[in-house]
Asker: 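First, the structure itself, so that you have it in front of you.
Residue numbers begin at 1 in each chain, while the letters A, B, ... track the order of the sequences.
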Number of protein chains: 2
Amino acid sequence: MEEENRKKRILVPEPALRRMPSYLAYIKLARKDGMKYVSSTHIARDMGVDPTQVTKDLSYTSIVGKTRVGYEVEPLIDELENFLGFRIMDEAYLFGAGSLGMALLHDHGLKQFGLKVVAAFDVNPEIVGKNFGGVPVYHVDDFLQFKEKGIQIGILTVPVEKAQEVAHWMVKGGIRAIWNFTPVRIKVEEDVIVQNTSLYAPLAVMFNRLHSKE
Amino acid sequence: MEEENRKKRILVPEPALRRMPSYLAYIKLARKDGMKYVSSTHIARDMGVDPTQVTKDLSYTSIVGKTRVGYEVEPLIDELENFLGFRIMDEAYLFGAGSLGMALLHDHGLKQFGLKVVAAFDVNPEIVGKNFGGVPVYHVDDFLQFKEKGIQIGILTVPVEKAQEVAHWMVKGGIRAIWNFTPVRIKVEEDVIVQNTSLYAPLAVMFNRLHSKE
DNA sequence: TTTCAATAAGGAATTAATTCTTTAATGGCG
DNA sequence: CGCCATTAAAGAATTAATTCCTTATTGAAA
């Protein structure tokens, strides 16, 4: 019990979690090349990062490496995918089927990472009632009727001026985790998980680095 | 000269840069509501962040606030957009017109943030030679002929197993900044700017937070 | 069998980022 | 006119993240 509580409170650092999918991608490439073991040293050298960072990041999972050998590739992939939640398929609703939302609807990459969009909601009469990439689009006003389905994850891709309002209704309708693609920092109940992913934030960093070189 | 060098070396922290677009979004909404001034206190309260963090982040720009009043909305938007590089339109090439690449090709949001995709490169004979969203798709093998155009920014949306190789050719062809959407940490010359934006990394964080609540 | 080099892993030290504290300024109100 | 509340901004303290250091292990080579 004590132990559990501690685990709950001491979360895996977000930077570490964000790096793990890139390790996974690397290790899968190694598997393709027929490698049976990978060491943090090699991962780090090839990826241009610090080797102890790789070790530390992997130590948050239940993986144990072998001294002088490294990590066994197959179990490492299994454990990483399980740990990151890519193996269990979570279902999600998408809110706002504009250009970005539509792109996510058609992107089959999501399924490989454990997320399946089962329905979309929008207000545009031209798309409501239709199917896109096998996903039906309903009117936002009908969303609350879907509450019993028990879907926990919502993808927010509405225009900025609607973000806060829609987020509010998402939570009302039972959503417990919001993948927020708008640049708006939405305010929701404390126990709702919000993951902000502004597509354009990395652009700001890139421009700054590029321009500060002259 | 001394001064300039110091500015070059002491970079604006990446977390700060990544937050700025969200401030910009907030302030633009405030302008829509007819506000003439915004204070860090209000921004922070509405966005659920720390007020001194807002002040500190904004202090990296050349903006100065007024005591007891806050920041003037119009100049703040101007300065932020300039500072973040959203006002000057940079041109870019896109490498890999799969589902994600295609989505970026059709996304008109990019232009609002100062990035214009002027050509795409792929190997798929079904799309090479065609136009998508007004952007012509060429064969990757022809890319080196475009070197004289002087385009500095490349968007990398190829499959993981091609990422490193394509990145290498991008640099050969004059690309100085790579917006990398693959989970692969590509290795390039030190002076090439790489901005990693794996669409699925935030998913790992979201799943972890969601699952560690039970 | 012995030595050597490569490794994981834990903890210490360092560095980066965030939050807290203090100061000075100033518009609005009594 | 004088006080009060609100604010920006600079610097200090704290916290989080990364990198460095040490130890123990072990496969491979001598």
Side-chain angles (χ1 to χ4, degrees), chain A residues 6-20 22-23 26-27 30 35-73 75-76 79-80 83 185 196 201 204-205 208-209, chain B residues 6 9-20 22-23 26-27 30 35-73 75-76 79-80 83 185 196 201 204-205 208-209:
Chain A
R6 209 171 305 141
K7 265 193 182 172
K8 249 187 235 173
R9 265 180 291 120
I10 293 160
L11 293 168
V12 181
E14 184 160 329
L17 284 171
R18 297 181 65 91
R19 281 188 295 264
M20 287 186 198
S22 68
Y23 300 148
Y26 175 90
I27 297 155
M35 314 266 299
K36 290 278 169 269
Y37 287 89
V38 286
S39 76
S40 59
T41 323
H42 286 121
I43 298 175
R45 186 171 23 72
D46 291 353
M47 296 179 64
V49 298
D50 188 276
T52 58
Q53 183 163 75
V54 177
T55 315
K56 213 149 238 169
D57 286 349
L58 293 180
S59 77
Y60 292 114
T61 70
S62 58
I63 297 160
V64 282
K66 282 204 192 112
T67 297
R68 182 60 225 261
V69 178
Y71 305 90
E72 212 180 331
V73 167
L76 181 52
E79 168 60 16
L80 262 180
F83 182 82
R185 298 295 168 104
N196 297 309
V205 183
N208 179 271
R209 302 308 188 224
Chain B
R6 211 171 303 141
R9 264 182 288 121
I10 294 159
L11 294 169
V12 181
E14 185 160 328
L17 283 171
R18 297 180 65 90
R19 283 188 293 266
M20 287 188 198
S22 68
Y23 300 149
Y26 175 90
I27 297 154
M35 314 266 298
K36 290 279 170 268
Y37 287 89
V38 287
S39 76
S40 59
T41 323
H42 286 122
I43 299 176
R45 185 171 23 73
D46 291 353
M47 295 179 65
V49 298
D50 188 275
T52 57
Q53 183 165 75
V54 177
T55 315
K56 216 154 233 164
D57 287 348
L58 293 180
S59 77
Y60 291 115
T61 71
S62 58
I63 296 159
V64 282
K66 282 205 192 112
T67 298
R68 181 60 225 261
V69 178
Y71 305 91
E72 211 180 333
V73 167
L76 181 52
E79 168 59 17
L80 261 180
F83 182 83
R185 297 296 169 105
N196 296 308
V205 182
N208 179 271
R209 302 307 188 225

Asker: Rounded to the Å, how far apart are B:Y60 OH and D:dA10 P?
Answerer: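 One finds 11 Å between P of D:dA10 and OH of B:Y60, rounded.
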Asker: Under 4.0 Å between a side-chain N or O of A:H42 and OP1 or OP2 of C:dA6?
Answerer: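 It does not, given that no N or O in the side chain of A:H42 lies less than 4.0 Å from OP1 or OP2 of C:dA6.
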Asker: Can you check the B:L76 CG to D:dT7 P distance for me, whole Å?
Answerer: 15 Å
Asker: Which listed nucleotide (D:dT6, C:dA17, D:dG27) is nearest to the side chain of B:P13?
Answerer: C:dA17
Asker: Tell me: CG of A:L17 to C1' of D:dT18, nearest whole Å?
Answerer: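 Interatomic distance, CG of A:L17 to C1' of D:dT18: 16 Å.
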Asker: Starting the side chain at C-beta, find the nucleotide from C:dA8, D:dT19, C:dG28 nearest to A:Y71.
Answerer: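 Closest of the options to the side chain of A:Y71: C:dA8.
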Asker: Is the phosphate of D:dT6 approached by B:T41 (side-chain N or O, under 4.0 Å from OP1 or OP2)?
Answerer: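 Answer no for this pair, as no side-chain N or O of B:T41 is under 4.0 Å from OP1 or OP2.
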Asker: I need the minimum non-hydrogen distance between B:S40 and B:V54, along with the two atoms involved.
Answerer: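 Shortest heavy-atom separation between B:S40 and B:V54 comes out as CB-CG1, 3.9 Å.
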Asker: Could you give the OH-to-C1' distance, from A:Y37 to C:dA6, as a whole number of Å?
Answerer: 15 Å
Asker: To the nearest angstrom, how far is B:M47 atom CE from C:dT18 atom P?
Answerer: 13 Å
Asker: If you pin A:T67 and A:Q53 to their nearest nucleotides in DNA chain D, which one's is more 5'?
Answerer: A:Q53
Asker: If I take atom CG in residue B:L11 and atom P in nucleotide C:dA16, what distance separates them, rounded to the nearest angstrom?
Answerer: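 Taking CG of B:L11 and P of C:dA16, I get 11 Å after rounding.
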Asker: Which listed nucleotide (C:dG28, C:dT18, C:dA5) is nearest to the side chain of B:R68?
Answerer: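 Nearest to the side-chain atoms of B:R68, counting from C-beta on, is C:dG28.
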Asker: What nucleotide, of C:dA8, D:dA8, C:dA9, holds the atom closest to the side chain of A:V64?
Answerer: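 Taking heavy atoms from C-beta onward, the closest nucleotide is C:dA9.
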Asker: Can you name the closest pair of heavy atoms from B:P13 and A:R209 and give their distance?
Answerer: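 What the structure gives for the nearest pair is C-NH2, 4.3 Å.
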Asker: Using a heavy-atom cut-off of under 4.0 Å over every strand shown, decide if A:S59 touches base, sugar-phosphate, or nothing.
Answerer: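 The residue A:S59 makes no contact with any strand.
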Asker: Tell me what A:K66 touches on the nucleic acid: a base, only sugar-phosphate, or nothing, going by heavy atoms under 4.0 Å.
Answerer: sugar-phosphate
Asker: Once you round it to whole Å, what is the distance between C1' of D:dA8 and CG of B:D57?
Answerer: 14 Å
Asker: At under 4.0 Å between heavy atoms, what does A:S39 touch on the DNA or RNA strands: base, sugar-phosphate, or nothing?
Answerer: sugar-phosphate
Asker: Show the nearest heavy-atom pair for residues B:R19 and B:D57, with the distance to one decimal.
Answerer: NE-OD2, 2.7 Å
Asker: How close do B:E79 and B:S62 get, heavy atom to heavy atom, and via which atoms?
Answerer: OE2-OG, 3.0 Å
Asker: Please give me the minimum heavy-atom distance between A:V73 and A:Y37, naming the atom from each residue.
Answerer: CG2-N, 3.8 Å
Asker: At their closest point, which heavy atom of A:R18 faces which heavy atom of B:V205, and how far apart are they?
Answerer: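 Between these two residues, the closest heavy atoms are CG-CG2, 3.6 Å.
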Asker: On the side chain of B:K56, is there an atom forming a donor-acceptor pair with the base of C:dT18 - under 3.5 Å, no angle test?
Answerer: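 Looking at the base of C:dT18, it does not pair with any donor or acceptor on the side chain of B:K56 (distance under 3.5 Å).
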Asker: Tell me whether the side-chain N/O atoms of B:R19 come closer than 4.0 Å to OP1 or OP2 in C:dT18.
Answerer: yes
Asker: Rounded to the Å, how far apart are A:E14 CD and C:dA17 P?
Answerer: 15 Å
Asker: Which part of the nucleic acid, if any, lies within reach of A:T52 when heavy atoms closer than 4.0 Å are counted: base, sugar-phosphate only, or nothing?
Answerer: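 The answer is base, as A:T52 lies within the cut-off (heavy atoms under 4.0 Å) of a base atom.
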